Amino acid sequence: MIDQSATAERERHSGENAVPAPVPRIALVGVHGFGERHLANLARLEAAGTLELVAVADPNPPAPGRLAESVAVFGDLAQLLAADPEVDVVILATPIQTHAPLALAALAAGKDVYVEKPPVASLGQFRDVLAAADAAGRLVQVGFQSLGSHALPALRALLESGGIGDVLGLSATGQWVRNRAYFKRSRWAGKRSLDGIDVVDGVATNALAHAVATGLHLAGAHTMADVESVDTDLYRAHDTESDDTSIIRVRTTSGSTLLCGLTLCAPEQQRPSVTVHGTRGEVTLFYTDDEVVISTPDGERRETFGRTDLLENLLEARSNGVPLLCALPDTGGFTTVLEAIRTAPAPQPINPGYIAWEGEGDDAHPVVQDIAAVIARAVKAQATFAELGMPWARKMPPLRTLTLDGKAVAEYQDGSRIRAVSSPRPYLHPVRTLAGTVVTDHQPLDHVWHLGAGVALQDVDGINFWGGRTYTREAGQYVWRPDHGSITPTETHAEETAARTGGAAGRLRETLGWNGPDGAPVLREDRTWEWSGVHSSAWRLSLDFALSPAGDRPVSLGSPGSNGRFEGGYGGFFWRLPACADATVWTPSGAGEAEVHGSVTPWLAWAGTFDGASATLVFVAAGGSTDPWFVRVDGYPGVGQSLAWDSPVIAEPDAPVQRSITVFVADGILGTTDIEALINQQGNRS
């Protein structure tokens, strides 16, 4: 691979008899569409004496008078090269599928090349063009103009200085509006292939490709070797082959994660951006305007930067050997993403029920329901649409499904796709009533580390198995720390059982390992889920778990409450509910969040409307339990039973910490009399 900052034909002149270097002679292939922008830029630079436009090639020639009479016009690049107008640089502003063959032809003729994005339509083509440039000793600049922004070196300096703390991840977002006419502008628009030839048009590879490329640049993922993996989640609302609403998740070999949330189906056009998320704030680059916004606890500041034109950079590289700002080898990371999209299953059409069309005829454009909020949630959770469980997304098969009489009432997730700083762990979601109403949520925007129904603790000998920031007594607040553990199943047994009252029932027994950030075991958990039918509109879910030290030393189990946060003793069993209208929460001795939060009662009920359907959840404590209820209604909907309300609990090698809880999941709104009858009928587990 050659050093793209060098040029084989650079001539240097010095002394009294120095001869001025000849002005580079430029040919433009493709004068329409984006070629119009190149013509305007070429006119600017020619007026400044920087270059000379000597030829253009396009099967549809420019309008009369559009070019100077000295500019030769050809039907295609082959004719241009055969005429040999002594061109130094060939600019390619042509359809995607032509980039590689035209670049190969120009390189074979000994020309330096400026090729529009995406540079090629496959990884194979990328290797071919790279080899051709190497063999010819020529330069290839790729037209990701945002990489000429002076904001990029300033951002690198900010990140290296710790200006936003440690980097938690990066995101690239773009919400654009594209109508039907956009996909009728050419034969290749909206195509994954055309006449058997790869095109790979799409929101991530073309329309908002700058978002992906700029995000990769800031993540340090320039070459193919910099990319560890690419996850694609591709959808379309338009009647096209290509994707228009997608998540692309890139994990780099240096350990960073870039989550790209992109759509052409937004309600209105938004400025695309790339954000670096840190432990002390975040910095966002609106790359179309070269504007940077830095947000930290100290406040917000904005700054607008200049930009180096990539063609000028190429010409300077030819004359002075400066590095190219977007050399072909440095688009290897982007091409790896393109290849993942090219080889992925065809984009899934979005259910029309989640699309609203605005406008008429060719001016009509689709709007995906709540797409801005969905992308915001995906970015924060570093999750795909499918992983978030969007109703129009591909179905992610759970590890197991809990059923009653053939009806799915809950799905068991192993947590393996959860981001590291959310403390990956197993959980149940979605949990449904017998009528199908979903009564759990996972990875919600307000707390993306909340995961359905399960077990989590924020302080296990200083390790965070809850997710998000950690509350410490020393700081007196929540702080980001590299202290996140993970919980993984080591042994699982599922079986059907006979319910005591007849009907279907089931049991899931697990052994789980609680491992620290370094993978070292901290706790061993024995967990059992049991479920059974109660009657036609209610079923029962029970959880037993026991936490034992993984070694021969005691382990402290704590919470924000045990670390000094007033009434913040969450940890242990926790159930995150979805959005709930007309929520009511009560116990035998009180009602409302203020009354029930921190109380110790035999049961706690939550009733309300979930996505238009009413349901009631009844949380029943084990007999003799003294663990307070943890309840949130106003800030977010959640119920837990605190294992360490205001002081830690110690798990001894020979004395595990054991807890049990039962939840009745019922359709409709139950009253206190109904609840007590239900509990008495079923019998409380001790």
Side-chain angles (χ1 to χ4, degrees), residues 1-11 22-31 34-35 38 42 51-59 71-144 188 194-200 223-224 310-311 313-315 317-319 321 323-324 326-332 334-335 338-339:
M1 186 180 299
I2 65 171
D3 179 356
Q4 291 274 304
S5 68
T7 176
E9 65 174 19
R10 186 171 21 343
E11 296 182 0
V23 174
R25 295 166 62 84
I26 311 298
L28 172 64
V29 185
V31 299
F34 203 81
H38 279 287
L42 288 165
L51 54 78
E52 180 184 1
L53 176 62
V54 298
V56 299
D58 197 304
V71 179
V73 179
F74 300 92
D76 57 34
L77 178 61
Q79 295 178 17
L80 187 155
L81 294 175
D84 192 20
E86 298 183 0
V87 168
D88 299 306
V89 176
V90 173
I91 300 174
L92 302 176
T94 57
I96 298 170
Q97 68 273 19
T98 68
H99 287 180
L102 294 180
L104 290 171
L107 291 168
K111 315 303 180 185
D112 291 322
V113 173
Y114 182 117
V115 58
E116 267 307 322
K117 55 80 183 169
V120 292
S122 72
L123 201 55
Q125 290 182 349
F126 178 79
R127 293 190 176 103
D128 290 343
V129 176
L130 202 60
D134 192 3
R138 311 311 307 176
L139 301 174
V140 179
Q141 179 93 293
V142 180
F144 284 115
W188 59 267
L194 184 64
D195 301 328
I197 299 172
D198 288 322
V199 176
V200 203
T223 69
M224 292 184 289
L310 293 188
L311 178 56
N313 172 238
L314 172 58
L315 299 181
R318 283 173 46 84
S319 63
L324 289 180
C326 192
L328 181 64
D330 288 335
T331 62
F334 176 85
T335 308
L338 180 145
E339 182 73 1

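Note that the coordinates shown come from a computational prediction; the quantities given were computed from them, not determined experimentally.
- Between the CG atom of L310 and the CD atom of Q141 there is a distance of 5.0 Å, given to the nearest 0.5 Å.
- Across all their heavy atoms, P119 and T335 have their closest contact at CG-OG1, 4.3 Å.
- D76 places a side-chain N or O within 3.5 Å of a backbone atom of A78 that can act as its donor or acceptor partner.
- The closest donor-acceptor contact from the side chain of T331 to the backbone of F334 lies at 3.5 Å or more, if one exists at all.
- Listed here is the closest heavy atom pair of M224 and F126: CE-CE2, 4.1 Å.
- Here the side chain of H38 pairs no donor or acceptor atom with the backbone of V31 at under 3.5 angstrom.
- L328 CG to T223 OG1: the interatomic distance, rounded to the nearest 0.5 Å, is 12.0 Å.
- Screening L324, N313, V89 for a side-chain contact (heavy atoms from CB on, under 4.5 Å) involving R318 leaves a single residue, V89.
- Closest of all the heavy-atom pairs between L107 and A136 is O-CB, 3.6 Å.
- Once rounded to the nearest 0.5 Å, the distance linking CD1 of I96 with CD1 of I197 reads 13.0 Å.
- The minimum heavy-atom distance between L104 and A132, with the atom names listed, is CD2-CB, 3.5 Å.
- Of all heavy-atom pairs between L81 and A105, the closest is CD1-O, 3.7 Å.
- The minimum heavy-atom distance linking L130 with P329 is given by the pair CD1-CG, 3.6 Å.
- When each of V120, V113, V115 is checked for a side-chain contact (heavy atoms from CB on, under 4.5 Å) with V129, only V120 meets the rule.
- Ion pairing between D112 and R138 holds under the 4.0 Å rule for side-chain N and carboxylate O.
- A donor-acceptor distance shorter than 3.5 angstrom exists from the side chain of E339 to the backbone of L123, with no hydrogens or angles considered.
- Remark: I26 CD1 to E52 CD distance equals 9.5 Å, nearest 0.5 Å.
- Using a 4.5 Å cut-off on side-chain heavy atoms (C-beta onward), L311 and L42 make contact.
- Atom CG of L92 is separated from atom OG1 of T98 by 7.0 Å, given to the nearest 0.5 angstrom.
- Residue L28 holds its CG atom at 9.5 Å from OG1 of T94, rounded to the nearest 0.5 Å.
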